[in-house]
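To start, the structure under review is shown below, and the notes come after it.
Given the structure is predicted, the values throughout are model-derived calculations rather than measurements. By convention in this document, chain letters (A, B, ...) are assigned in the order of the sequence lines, proteins followed by strands, and residues within each chain are numbered from 1.
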There are 2 protein chains.
Amino acid sequence: MSPAQHDAEVLIRTLREQGQRVTTGRRAIAEVVAANPDLSAEEIVGFVQRDHPEVHPSTVYRTLETLEEAGLVRHVHLGHGPARWQLADDPAHRLVCEGCGAVQLVSRVRFDEVRRQVEAEFGFAIAFGHFAMTGRCSTCR
Amino acid sequence: MSPAQHDAEVLIRTLREQGQRVTTGRRAIAEVVAANPDLSAEEIVGFVQRDHPEVHPSTVYRTLETLEEAGLVRHVHLGHGPARWQLADDPAHRLVCEGCGAVQLVSRVRFDEVRRQVEAEFGFAIAFGHFAMTGRCSTCR
DNA sequence: ACCCAGATGCGAGCAGCTCGCACGTAGCAG
DNA sequence: CTGCTACGTGCGAGCTGCTCGCATCTGGGT
């Protein structure tokens, strides 16, 4: 079993443990999100409908919301345009270049020092995640 | 003349210097943005239409775009919902609490150290601005 | 005072969701 | 294995926050 399949299993199992029903659509959506980080909802619809054309876009939106409330996935805004979905325990933070649009993945733990510093100085605990950080990558500077 | 009126004058003058036309609508929009940071486009429409009810919402959107291209204003996303507009030289960065929604203004220069650190480690120049930083304020933690 | 590129009012259109409703099915009780 | 029912779904309408095309108007140079 691939790591992504394993992740999807965990999502599905956790959903069931929380008293939620497991449907074909939910299972397919969990698999797609686990296997493909940073897809938009519309892209997820595309992947899901390859195998399950009957799954409606609104079901995808609602399922993503359910999974997010369950703390299993999260969405992040990389710029204008649709939100991007990923597993809640995705260990990377996104740096988006305003010049070329490139997305640089950086391990979250490498921001611990910055987080500590901001927390000490401003009493504010940054939750890197909901919005990407925008700026200029080394080649665009 | 209030500082905001002065700022508005600078905006208008710079527009004209860039070969753009100065209209009643543009003047009114510049004054509203200079006097009230972090308004949404729709709120700006409201303010402008008090004195100039003929100014159409689409004019406000287009003028904000023009002012942004001229480097005079910028928009920032504080969360879901409409963008918020401010003068490009607004010296504050926004920290938005995910718990209570409070917006904490922090002088940008106080992030210089963080910026330097991230640049040294990841080769990425963070442009605090287009997205606010989300997290938890001291009272919500 | 005249001219015309550029700005505006207006309304249609679009992206990205969100919601209400009727139907269908997961999952539990028996 | 069967039946029940509340939760999930397909479907389409609706909503927010812009964006655009077009005809008309006007700022500002001559």
Notebook entry, point to check: When we call it a touch if two heavy atoms are under 4.0 Å apart, what does E54(B) touch: a base, just sugar-phosphate, or nothing?
Noted result: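 Counting heavy atoms under 4.0 Å across all strands, the contact made by E54(B) is with sugar-phosphate only.
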Donor-acceptor pair between [X] and [Y] side chains, under 3.5 angstrom:
X: R74(B); Y: Q86(B); result: yes
X: T66(B); Y: R62(B); result: no
X: H75(B); Y: E68(B); result: yes

For the base of [N], is there a side-chain donor-acceptor partner from [X] under 3.5 Å away?
X: S58(A); N: dC11(D); answer: yes
X: R21(A); N: dG8(D); answer: no
X: R62(B); N: dG9(C); answer: yes

Next item on the list: Among the candidates dC11(D), dG17(D), dG28(D), find the nucleotide nearest to the side-chain atoms of R16(B).
Entry: dG28(D)
Notebook entry, point to check: Of the nucleotides dT9(D), dG9(C), dG16(C), which one has an atom closest to the side chain of Y61(A)?
Noted result: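 Closest nucleotide to the Y61(A) side chain: dG16(C).
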Notebook entry, point to check: Atom CD1 of I29(A) to atom C1' of dT9(D): distance rounded to whole Å?
Noted result: 10 Å
Notebook entry, point to check: For dA26(C), does OP1 or OP2 lie under 4.0 Å from any side-chain N or O of R26(A)?
Noted result: no
Item checked: dC7(D) OP1/OP2 closer than 4.0 Å to side-chain N/O of T23(A) ->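 False: T23(A) side-chain N/O out of range (4.0 Å or more) of dC7(D) OP1/OP2.
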Next item on the list: Specify the residue among V22(B) and G19(A) whose closest nucleotide of DNA chain D lies further upstream toward the 5′ end.
Entry: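 It is G19(A) whose nearest nucleotide is closer to the 5' end.
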Check: Which class fits the ring pair H77(B) and H130(B): parallel under 30°, tilted 30 to 60°, perpendicular over 60°?
Finding: perpendicular
